[in-house]
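Notes follow the structure.
The first residue in the sequence is number 1, and the count goes up from there.
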Amino acid sequence: MTILFPLIYSAALTYLVWKAFKVMSNGWGISDNQNKGFTSSSFKQNKYTIHPELLDKSGNITQEELLTVRFSNDNDSTIEEKNSATD
């Protein structure tokens, strides 16, 4: 039993490491294929995203005032400095 356990353990460890590398190699192959398809001319990323709640039924940005919430334990000093300068 003392000799059998290390052999089974080594075989299981070898099998799991082999499977891990096999799965990772599939992932590396997929990322290589995706990088070839996304060139600078065919893929352009927007610099900003508009939240869907800010759009009206026709897809334009709404002009209504937005409700904002400020929590009492907010420690952002830059907002307080801006408000005190405009008061």
Side-chain angles (χ1 to χ4, degrees):
M1 186 68 176
T2 351
I3 295 174
L4 190 60
F5 180 72
L7 289 175
I8 294 173
Y9 183 80
S10 299
L13 184 65
T14 304
Y15 175 74
L16 290 174
V17 168
W18 176 74
K19 288 298 270 186
F21 278 111
K22 188 174 178 182
V23 168
M24 286 190 291
S25 67
N26 289 339
W28 288 322
I30 289 172
S31 68
D32 290 341
N33 292 338
Q34 288 178 348
N35 288 339
K36 291 178 186 175
F38 294 122
T39 60
S40 60
S41 62
S42 67
F43 179 72
K44 293 185 179 180
Q45 184 177 5
N46 291 339
K47 295 194 185 270
Y48 58 90
T49 302
I50 299 173
H51 230 273
E53 288 85 3
L54 296 175
L55 301 176
D56 59 6
K57 291 180 182 177
S58 61
N60 298 322
I61 297 176
T62 60
Q63 298 299 320
E64 59 191 43
E65 289 189 36
L66 300 175
L67 175 66
T68 59
V69 178
R70 183 171 174 100
F71 297 97
S72 62
N73 61 354
D74 189 9
N75 295 329
D76 191 4
S77 61
T78 58
I79 293 174
E80 293 172 4
E81 291 171 2
K82 288 179 184 176
N83 288 340
S84 64
T86 60
D87 288 340

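Residues Pro6 and Thr2 share a closest heavy-atom pair of CD-O, 2.9 Å. Listed here is the closest heavy atom pair of Thr62 and Leu55: CG2-C, 3.8 Å.
Environment of CG in Leu13: crowded, with over 12 heavy atoms of neighbouring residues, nucleotides or ligands closer than 6.0 Å.
Both Val17 and Met24 belong to a common hydrophobic cluster when Ile, Leu, Val, Met, Phe, Trp and Tyr are linked at side-chain heavy-atom distances under 4.5 angstrom.
The structure places CD of Gln63 at 11.0 Å from CG of Leu54, a figure rounded to the nearest 0.5 Å.
Remark: side-chain polar atoms of Ser10 are not paired, donor with acceptor, to backbone N or O of Leu7 under 3.5 angstrom.
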